[in-house]
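What follows is a single structure, written as structure tokens, with notes after it.
We name chains A, B, ... by the order of the sequence lines, and we start the count at 1 in each one.
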Amino acid sequence: MKTIAVSATEKSLDSPVDLRFGRAKYFVIVDPETMDWEALDNAPNINAAHGAGIQAARLVAENRVKTVLTGNCGPNAFETLQAAGIQVATNVNSTVRQAIERFKRGEISFAQSSNVQKHWS
Amino acid sequence: MKIAIASGKGGTGKTTLAVNLAAALGNQAQLLDCDVEEPNVHLFLPLVQGQKETISAPVPEVDLDRCNFCGACGQICQFSAIVPLEQTVLIFPEMCHSCGGCYLVCEPGALRERGRELGMIDRGLSQEGVHGVYGRLRVGEAMAPPLIRAVKARMDLSRTVIIDAPPGTSCPVIAAMKGADYVVLVTEPTPFGFHDLKLAVETVRTMKLPMGVVINRSDIGTAEVKNYCAREAIPVLLSLPYSRPVAEAYSRGQLLVKEIPGFKEQMLALFEQISGGRQGS
């Protein structure tokens, strides 16, 4: 089961984590057991005038992800992810693969709230 | 007649012109403060007899017992204000533009309207007899146009309506200028003032409204603004040179029509040009 979504700048396990959640280029979704992965294109949200975080959260929720690893996550995205029952780790700034490995070793702590402020278009 | 006072650049003297034009006209004038994000008109023309109203906009509220989680509301919403998830529906009131689409597509009728406070409107009379309608956006509210429309809905067309518009060329400015019979663009002859004047002129032209320009602090900067207006056949209605007594009176919140000799006559002549000639481009 591909249960972890990592925001990524490239479609690869060795991509750097995209520090932006809502306007991330891709989400690499990974099965932590098999390291099987695929990339979700977040293109429609990158240039959205507003609501990028909310829509990105919806996109990962629709893909039945349970965990999100990312750099920055704003309040609307965080609230949407929480409502969808998805745990979020912020301030992750390695590659996708390293982030998954840290997650598997239990080294990732999960956020209780968003780590960046709301932005207005 | 409805006259909107606008500008591209902020701080050119829109509010100063609007309050003094209104004060010169006195009881004949109704002044709308549509710069609801930074309303300043009340500093110069406080309302002595006034009433306050709270203005709100409808936003959806969901009854999860009736929701069938079909997702139609999330598809029609263009602003991510309503987000159907597998077991719940999230609503972000501050993203909602109150279009009403979600209620229409909700087959089980699980959505109902509630109000989100946009801000306040103060209405009343100033000491000079000016009828004031002053909008003030709630701190934290991002959407000015619905409140601006509420201010304008209180227009009294039997009077000369003067609209103090916000600066810039974005949605709140359009909302304030829409439907005006004439737009006065206040500018200053600096590179920044000139740059933003051109943007404002393009906006007013797109809206097909007659306009004229008032050049404030006309003796500073360059001749670019004047030359541009001549080239584009936009009438320069008034040029006001920099004046220390004007700046001092302004900084005390005083009316120039009271403090500066001849200012009231200048305002009345400006009104005559706008209403009599209806000249514009």
*CZ (A:Arg64) with more than 12 external heavy atoms under 6.0 Å*: no

*Tell me, for A:Glu62 versus chain B, whether the close heavy atoms (under 4.5 Å) come from the side chain, the backbone, both or neither.*
neither

*Would you find more than 12 non-hydrogen atoms of other residues, nucleotides or ligands less than 6.0 Å from A:Lys104 atom NZ?*
yes

*asked:* So for atom CD, which belongs to A:Glu107, do other residues, nucleotides or ligands contribute more than 12 heavy atoms lying within a distance under 6.0 Å?
replied: yes

*More than 12 heavy atoms of other groups within 6.0 Å of A:Glu38 CD*: yes

*Report the distance from atom CG of B:Leu85 to atom CG of A:Leu81, rounding to the nearest 0.5 Å.*
9.0 Å

*Is it true that atom OH of B:Tyr250 has more than 12 heavy atoms of other residues, nucleotides or ligands lying nearer than 6.0 Å?*
no

*Can you tell which part of B:Phe92 gets under 4.5 Å to a heavy atom of chain A, answering side chain, backbone, both or neither?*
side chain

*Give, for atom CG of B:Leu90 and atom CZ of A:Arg58, the distance between the pair rounded to the nearest 0.5 Å.*
10.5 Å

_Heavy-atom check, side chain of B:Gln78 versus side chain of A:His50, under 4.5 Å_ = no

_Within a 6.0 Å radius of atom CD on B:Glu38, are there more than 12 heavy atoms belonging to other residues, nucleotides or ligands?_
no

*Can you tell me how far CD1 of A:Ile54 sits from SG of B:Cys77, rounded to the nearest 0.5 angstrom?*
8.5 Å

*asked:* If I take atom CE from residue B:Met95 and atom CG from residue A:Asn76, how far apart are they, to the nearest 0.5 angstrom?
replied: 5.5 Å

*Please report the closest heavy-atom contact between A:Gly51 and B:Ser80, naming both atoms and the distance.*
O-OG, 3.6 Å

